[in-house]
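Side chains included, hydrogens not; waters and symmetry mates left out as well; all remaining heavy atoms used. What you see is a predicted model; the values in this text were computed from it and never measured. Residues: numbered from 1 along the sequence shown.
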Amino acid sequence: MSESKTIKNPSPLVLTVLALDEHFTNLNRLADRIDEIDLKSNFDFEQSEKLILRFTESGQAISTEIARFVTILNETRGQAELAAQKVSAKADHLKLRKDEVQKKLARFEILSEKVSQLNQSLVHFRRPAGESFSDQELAELKTSLTTVSNQLEALIEESRILKEIGHDSKIKILEQNAESMRQSLIAVSQKISGMMTLQ
């Protein structure tokens, strides 16, 4: 099987195919040689007998190699099916993981939307530089800020939970974004607490 020398680390399947090719080539060569003999002398008869014997042996070798080829082919097919099952299982696992990540990131998006809405609600509490609140505005502001403070506490808790979920689920972007959100909300909560103490 000289052709196998050109293939680095040939598989059993390739070796069997190469062996079959060599046997068939040899079979055809022997058939041509047998056909060329005229059978005019004892030597011709002896040569024919020897060649026919070798032809028969080559035929048997082909049968043996074909049986081996079928066996190896079935084994290879079984290995391919097993590999396909493993890949399919991995693909299913990856899909579940992707769905899980998307679901948890969607929960963070909901949190972000709530924070955005809360920020919008705080706009009317702001005053231009140099302007101060009237006593009535301060009273209304403190009442409103109490509600906002309660909302902030719930959002801070949600961001903490999402940070833990991100950490436990090994979703780094969720863990980092949720912690960043939590720190920002804590800072806002502290500012609001300071405003609520205004006299």
Side-chain angles (χ1 to χ4, degrees), residues 6-15 17 71-199:
T6 62
I7 301 175
K8 187 176 182 180
N9 300 320
S11 68
L13 188 61
V14 170
L15 290 173
V17 170
T71 299
I72 294 174
L73 188 62
N74 287 333
E75 290 173 355
T76 303
R77 182 179 61 191
Q79 292 168 359
E81 289 173 354
L82 182 60
Q85 290 173 4
K86 289 179 180 178
V87 170
S88 178
K90 181 64 72 173
D92 290 342
H93 179 74
L94 288 173
K95 184 181 183 305
L96 288 174
R97 171 64 174 172
K98 184 178 179 181
D99 291 345
E100 175 194 5
V101 170
Q102 288 179 338
K103 184 177 179 181
K104 289 171 181 175
L105 289 177
R107 183 172 169 180
F108 180 78
E109 288 299 318
I110 293 172
L111 172 63
S112 298
E113 182 60 29
K114 289 179 180 178
V115 171
S116 177
Q117 292 172 359
L118 184 62
N119 282 336
Q120 289 297 319
S121 72
L122 294 174
V123 170
H124 70 277
F125 294 142
R126 296 173 186 150
R127 285 288 183 275
E131 289 189 18
S132 59
F133 292 98
S134 67
D135 291 342
Q136 183 179 349
E137 287 176 331
L138 278 175
E140 293 174 356
L141 177 61
K142 288 179 182 179
T143 300
S144 298
L145 288 179
T146 298
T147 301
V148 170
S149 181
N150 290 335
Q151 292 175 335
L152 271 172
E153 287 302 316
L155 294 175
I156 290 170
E157 176 62 12
E158 174 69 358
S159 61
R160 182 193 66 76
I161 291 171
L162 283 174
K163 176 195 172 184
E164 291 181 357
I165 288 174
H167 176 76
D168 294 342
S169 303
K170 295 180 173 58
I171 307 174
K172 199 70 176 175
I173 189 171
L174 176 60
E175 180 182 3
Q176 292 173 341
N177 288 348
E179 174 59 12
S180 177
M181 177 79 74
R182 190 179 76 88
Q183 293 296 336
S184 297
L185 292 172
I186 288 173
V188 173
S189 178
Q190 290 171 344
K191 287 182 181 178
I192 288 177
S193 294
M195 293 175 69
M196 291 172 65
T197 61
L198 292 174
Q199 299 297 325

Next on the checklist: A side-chain contact here means heavy atoms from C-beta on lying under 4.5 Å apart; do Arg182 and Ile186 qualify?
Outcome noted: yes
Item to check | Main-chain N/O of Ala84 paired to Ser88 side chain as donor or acceptor, under 3.5 Å | outcome: no
Checklist entry - Which residues pass the side-chain contact (heavy atoms from CB on, under 4.5 Å) test with Lys104, sequence neighbours left out? => result Glu100, Ile165, Ser169, Ile171, Leu174
Next on the checklist: Just to verify, what does Gln117 make a side chain to side chain donor-acceptor pair (under 3.5 Å) with, not counting sequence neighbours?
Outcome noted: Glu113
Without placing hydrogens or testing angles, list every side-chain donor-acceptor pair under 3.5 Å for residues 150-157, not counting sequence neighbours.
{"from": "Asn150", "atom 1": "ND2", "to": "Thr146", "atom 2": "O", "distance (Å)": "3.3"}
{"from": "Glu157", "atom 1": "OE1", "to": "Arg160", "atom 2": "NE", "distance (Å)": "3.0"}
{"from": "Glu157", "atom 1": "OE2", "to": "Arg160", "atom 2": "NE", "distance (Å)": "3.4"}
{"from": "Glu157", "atom 1": "OE2", "to": "Arg160", "atom 2": "NH2", "distance (Å)": "2.5"}

Checklist entry - Just wondering, are more than 12 heavy atoms of other shown residues or ligands nearer than 6.0 Å to CD1 in Ile173? => result no
Next on the checklist: Suppose we screen for side-chain contact (heavy atoms from CB on, under 4.5 Å). Which residues come up paired with Gln102, at least two apart in sequence or across chains?
Outcome noted: Lys98, Asp99
Checklist outcome for this item: When rounded to the nearest 0.5 Å, the distance separating CG of Asn177 from CG of Leu105 is 8.5 Å
Checklist entry - Do side-chain atoms of Ser112 reach the backbone of Phe108 as a donor and acceptor pair under 3.5 angstrom? => result yes
Checklist entry - Got a sec, which residues hit side-chain contact (heavy atoms from CB on, under 4.5 Å) with Lys172, two or more places apart in sequence or on another chain? => result Glu175, Gln176
Checklist entry - Quick one: salt bridge (Lys or Arg N to Asp or Glu O under 4.0 Å) partners of Glu158, sequence neighbours excluded? => result Arg107
Checklist entry - Side chains of Glu179 and Gln183: donor-acceptor distance under 3.5 Å anywhere? => result yes
Checklist entry - How close do Ser159 and Ala178 get, heavy atom to heavy atom, and via which atoms? => result O-CB, 3.5 Å
Item to check | Heavy-atom side-chain contact between Leu118 and Lys114 under 4.5 Å | outcome: no
Checklist entry - Is Arg97 close to Lys170 at the side-chain level, that is, under 4.5 Å between some pair of heavy atoms? => result yes
Checklist entry - What distance do Thr76 atom OG1 and Leu13 atom CG have between them, rounded to the nearest 0.5 Å? => result 5.0 Å
Checklist entry - Taking atom NZ of Lys86 and atom NZ of Lys90, what is their separation to the nearest 0.5 Å? => result 11.0 Å
